[in-house]
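Worksheet: the structure to be examined is printed underneath.
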Number of protein chains: 2
Amino acid sequence: MTYSEENYLKIIYHLSLNQAKGITTNAIASQMESKPSSVTDMVQKLADKGLVVYKKYQGVSLTDEGRFTALMIVRKHRLWEVFLLEKLDFSWDEVHDVAEQLEHIKSDKLINKLEEFLDFPTEDPHGDPIPDRNGKIAKVDKKLLSEIAAGKKVICVGVKDSSSAFLQYLDKQQIALGSTIEVMSKEDFDMSLTLKLGDKQVTVSNKIAANLFVKTI
Amino acid sequence: MTYSEENYLKIIYHLSLNQAKGITTNAIASQMESKPSSVTDMVQKLADKGLVVYKKYQGVSLTDEGRFTALMIVRKHRLWEVFLLEKLDFSWDEVHDVAEQLEHIKSDKLINKLEEFLDFPTEDPHGDPIPDRNGKIAKVDKKLLSEIAAGKKVICVGVKDSSSAFLQYLDKQQIALGSTIEVMSKEDFDMSLTLKLGDKQVTVSNKIAANLFVKTI
DNA sequence: CAAATTATTTAGTCTTGCCTAAAAAAGTTT
DNA sequence: AAACTTTTTTAGGCAAGACTAAATAATTTG
């Protein structure tokens, strides 16, 4: 299992959480910051190895083996994040790049001992669940932003609509995965929401809110 | 700096310690478990980058920049070894393979925070000194046990061969870093040594003695 | 010192993982 | 449904890092 193959599996896993159907090569390419044609190549290799199911023009999905492999990478990533934050005093924004490297270290003993050293944490510092050594992972209850009551604080955990128009809109509003959003008020007339994003205040339509997954803090 | 380039620099550094002249492509190839022709290629690339000095048929030596880079890799390797042993309860024959991977993680902050977390250790579990963040490394005056005269008392400070076979042998004989060893007698015929270890008496072959570094008390 | 041997480099190939450009399929319009 | 647009795949190429086989330099030996 190469570094690159692991990254593909991880990205396919994450995309699968928000979109149960076949994951398109385009979606993978934009996450990988590479090109769809490169993805087609790799996805065929992963299919040959039995890690994904792939049919031309139909997108990709993980096999049980592929999902398990992906979960082990997620497990490593999140445990290292806990380590960096709790033991080495990293701040949140510094953690990701390093965990991204550490997740590829191959040693079952290492990761199991690390888990023990950290006292078997069940969530990473974002509140995302950490898979156990058998690949079991707690379900996160994510909701649509449109279902959140005024006054609540939530974290953005995904999108329902992954069109580039929508994603570009989110970029423009500086809403990203992990962003903290406070729902200031809800307009009864059109169900639009006024949000607090950092120190900015933004109003978004119900259509926007109905396509953004969040979890309560 | 790729994974592979880092490995070359590290190996050239280690070979340079025992052989001050140009390091041959052959010597590097056997350490890398690859072929001399592959080494020639890579060594030319490293020379182009100013990390080594290379003249055809004359072997290789590190530039200041190359040596510094190598020392930073050695630093990471040895700090991770300390972490694995002290915090994750690895035994000293298990640490090497994992440290071999961890030494390539790129983050100055990570390694400096790790050093602090470990309380600024000066030696790794094999008794080798840990370079500081400026590339300064302590000189150890260590001798091989095989060079010690009968009657002398010494302390174990490191190993030359760090294969797990050898390390496990040492564990079995209860020889560890810091162990006091008294050379009781030396057999002229095969140069084997009879040692006093605590209150035990053990006979070891010359091959064992020639792979154990000690310092005189 | 010349011949034989050994060490080292060069030349050409392979695999991995990526790319661009072109072709083909799918999806959308009119 | 034909024409157009978008998405996805195919084809062909490139760089890194390794390899084998052949050539060449260095070293050892008779």
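These numbers come from the heavy atoms of this one structure, side chains and all, not from hydrogens, waters or symmetry mates. Within every chain, numbering begins at 1; the chains are lettered A, B, ... in the order of the sequence lines, protein sequences first and strands thereafter. Worth saying up front: this structure is predicted, and the values here are computed from it rather than measured.
Closest to the side chain of B:K45, out of D:dG17, C:dA25, D:dC19, is D:dG17. The side chain of A:M42 approaches C:dG17 more closely than any other nucleotide in the set C:dC19, D:dG17, C:dG17. Distances from the side chain of B:D41 to the nucleotides C:dT20, D:dC19, C:dC18 place D:dC19 closest. Checking D:dA18, C:dG17, C:dT10 against every side-chain atom of B:S34, the shortest atom distance belongs to D:dA18. When each of D:dA18, D:dT9, C:dT8 is scored by its nearest atom to the side-chain atoms of B:Y57, the top-ranked nucleotide is C:dT8. If you check D:dA18, D:dT10, C:dA7 against the side chain of A:S37, the one that comes closest is D:dT10. Checking C:dC18, C:dT8, D:dT7 against the side-chain heavy atoms of B:T25 singles out C:dT8 as nearest. When distances run from any side-chain atom of B:Y54 to the nucleotides D:dC19, C:dT9, C:dG17, the shortest one goes to C:dT9.
With B:E5 as reference, B:K49 is the one residue of B:K45, B:K10, B:K49 to meet the salt bridge (charged side-chain N to carboxylate O under 4.0 Å, His left out) rule.
The NZ atom of A:K35 sits 20 Å away from the C1' atom of C:dT16 (whole-angstrom rounding). When the P atom of C:dC18 is taken as reference, atom CD of A:E33 falls 12 Å away, rounded to whole Å. Atom P of nucleotide C:dT8 and atom CD1 of B:I23 are separated by 11 Å, given to the nearest angstrom. In this structure, B:K55 places its NZ atom 17 Å from C1' of C:dT8, rounding to the nearest Å. Rounded to an integer number of Å, the gap from CD1 of B:I28 to P of C:dT8 is 10 Å. One interatomic measurement links the two molecules: CG of A:L9 to P of C:dG17, which rounds to 12 Å at whole-angstrom precision. Rounding to whole angstrom units, OH of residue B:Y8 and P of D:dA16 are separated by 14 Å. For the pair B:L46 CG and D:dA18 C1', the interatomic distance rounds to 15 Å; values are reported in whole Å.
Counting non-hydrogen atoms of neighbouring residues, nucleotides and ligands closer than 6.0 angstrom, the NZ atom of A:K152 reaches no more than 12 such neighbours.
Among the atoms of the strands shown, none is found under 4.0 Å from any heavy atom of B:E5. Within 4.0 Å (heavy atoms only), A:Y3 reaches no atom of the nucleic acid at all. Residue contacts for B:Q44: at a heavy-atom cut-off of 4.0 Å it reaches the sugar-phosphate backbone alone, with no base atom in range.
For A:T40 and D:dT9, the shortest distance from a side-chain N or O to OP1 or OP2 is below 4.0 Å.
Map A:Q58 and A:P36 each onto its nearest nucleotide of DNA chain C; the residue landing nearer the 5' end is A:P36. Along DNA chain D, the nucleotide closest to B:K56 and the one closest to B:M32 are compared, and the more 5′ of them pairs with B:M32.
Here the OG1 atom belonging to A:T24 is positioned 7.0 Å from the CD atom belonging to A:Q19, to the nearest 0.5 angstrom.
For A:T216 (side chain) and A:V154 (main-chain N/O), no donor-acceptor pair under 3.5 Å exists by modelled atom type.
Taking the ring centre of A:F90 as origin, the terminal cationic atom of B:K109 falls inside the region bounded by 6.0 Å and 45° from the ring axis. The cationic atom of B:K87 (NZ for Lys, CZ for Arg) lies less than 6.0 Å from the six-membered ring centre of B:F117 and within 45° of the ring axis.
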